[in-house]
Amino acid sequence: MTATTLPDPLALTKALIDCNSITPARGAVFDVLEAALTPLGFAVERFVAGEAPDGPVENLLAVRGSGGRHFAFAGHLDVVPPGAGWASDPFQAELRGELLHGRGAVDMKGAIAAFVAAAARVPAGAGTVSLIITGDEEGPAVFGTRALIERMAARGLKPDLCLVGEPTSVNRLGDMIKIGRRGSVNIWIEVPGKQGHVAYPHLADNPVPRLVRALAAIDAITLDEGTDWFQPSNIEITDLEVGNPVTNVIPAAARARLSIRFNALHRGEALARRIAEIVAEHAPGAVVTPRISGEAFFTPPGDFSTLVAGAIAAHTGLSPELSTSGGTSDARFLSALCPVVEFGLVNATMHKLDEAVAIADLYALADIYTDIAKAALNG
């Protein structure tokens, strides 16, 4: 393959943006990626997993080579809804000066395009390179990366290292990489009661005081003080609902929802069990329903983060900050396979109107990804 036929990260980013891929993404956007990977020697497998309400979800697993070290790149083609008020069509990539605008430009179609360009520069015999790409990272993420991991296990594929292309940079490309993320669990609480007239409380059973007492006890919890790498875990009451439209009726039920973001000192199941015990103490008979979005993950600073930081420094002159800040990502699932680090574009416009990527950053990211992949395969 000559230099003139190498994939252009700008052109590929534009082609991916031009595909409406609101989560869960399917179809055309995967066609574009598959068409870019096949000429590079990748065996591309696409499959649909899951059923409603959290599916179906389309996923793509592309593998080139066998034996040697295995370096994986992971990401997602789905995007959040664009909303109203864009200066141009969010699904029609538009160049304005030195910026490329469109939904997914930085989160994270640009990074995927940059890695495809990088993979083209990695010798085919250097080892095994794979792309683990889902159409549902921004949504429930039940049948996305988790389904891809199951498919990889069935094929006996296990990476030695995995880079996730989330937009981790803050002010300049390369100023931050993520070596961990907090876990997340949402919990729904429903306290049953008995409806009745407020003038005859002895004939009713008001669930609200019991729920309020339970929430007060939960709100008083200090889970931890943080660690050297993680901020403190926190519990937030995100919804409180009775749905009582009148003033003279004791309601039949009261409901609340919690969101817990937790560091590596905790596990989601243990936190859910602790909340259920508190609720049972103050509101016997309440129904507590947890949903664990993902566990916290942490890749201790070491060879992999040093490798990534070195590639960044070589092309930007920056020494990236190692961070565990931000929300969840699919690295929470991939960390069960191998060491994982996240690095990608500047995140200032992700999920915002007129999302945009600097054209220079796309080319620089492709260069950085090339160095990372070559070094990772060399061990």
Side-chain angles (χ1 to χ4, degrees), residues 1 5-21 23-50 55-79 104 108-137 141 143-165 330 333-334 337-338 344 366 369-370 372-374 376-377:
M1 179 174 292
T5 62
L6 291 174
D8 177 14
L10 175 59
L12 182 52
T13 302
K14 291 171 66 177
L16 292 171
I17 289 173
D18 287 349
C19 300
N20 185 328
S21 59
T23 192
R26 291 188 289 273
V29 72
F30 284 94
D31 295 340
V32 171
L33 182 57
E34 180 177 10
L37 289 170
T38 301
L40 302 180
F42 282 88
V44 178
E45 178 185 5
R46 291 165 58 177
F47 65 95
V48 175
V57 172
E58 183 165 6
N59 299 298
L60 179 149
L61 176 61
V63 182
R64 186 184 69 193
S66 60
R69 288 179 61 80
H70 179 174
F71 178 65
F73 175 87
H76 62 92
L77 286 170
D78 62 310
V79 298
M108 55 174 287
K109 293 178 178 181
I112 290 174
F115 188 79
V116 172
R121 307 176 200 172
V122 176
T128 303
V129 178
S130 64
L131 285 88
I132 306 166
I133 308 296
T134 182
D136 182 29
E137 191 271 348
F143 299 112
T145 297
R146 285 190 273 198
L148 280 157
I149 291 172
E150 292 175 0
R151 185 63 59 99
M152 293 171 68
R155 292 177 50 178
L157 293 170
K158 189 176 188 301
D160 294 291
L161 299 171
C162 180
L163 180 71
V164 179
D330 278 1
F333 308 127
L334 295 158
L337 297 178
C338 63
Y369 281 170
T370 301
I372 293 171
K374 288 180 177 178
L377 291 171

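Atoms considered below: every heavy atom in the structure, side chains included; atoms not considered: hydrogens, waters and symmetry mates.
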Give me the one residue out of [options] that meets side-chain contact (heavy atoms from CB on, under 4.5 Å) with [X].
X: I133; options: L148, T145, L77, V29; answer: L77
X: L12; options: I112, I17, V32; answer: V32
X: V116; options: L6, D8, L131; answer: L131

Provide the closest heavy-atom pair for [X] versus [Y] in the form atom of the first, atom of the second, distance.
X: K109; Y: T13; answer: O-OG1, 4.2 Å
X: A376; Y: R69; answer: O-NE, 2.7 Å
X: V44; Y: A62; answer: CG2-CB, 4.1 Å
X: P7; Y: A120; answer: CD-CB, 3.4 Å

Under 3.5 Å, is there a donor-acceptor pair between the side chain of [X] and the main chain of [Y]?
X: R26; Y: G135; answer: no
X: K374; Y: V122; answer: no
X: R151; Y: N59; answer: no

| What is the ring orientation for F115 with F73, classed by angle as parallel under 30°, tilted 30 to 60°, or perpendicular over 60°? | parallel

Do the non-hydrogen side-chain atoms of [X] and [Y] ever get within less than 4.5 Å of each other?
X: R155; Y: E45; answer: yes
X: P24; Y: D78; answer: no
X: V63; Y: S130; answer: yes

| field | side chain to side chain contact (heavy atoms under 4.5 Å, CB included) between D330 and I132, worked out | value | CA-CA 10 Å; D330 278 1; I132 306 166; over 6 Å; no

| said: For R46, is there an ion pair with D31 - N to carboxylate O distance below 4.0 angstrom? | reply: yes

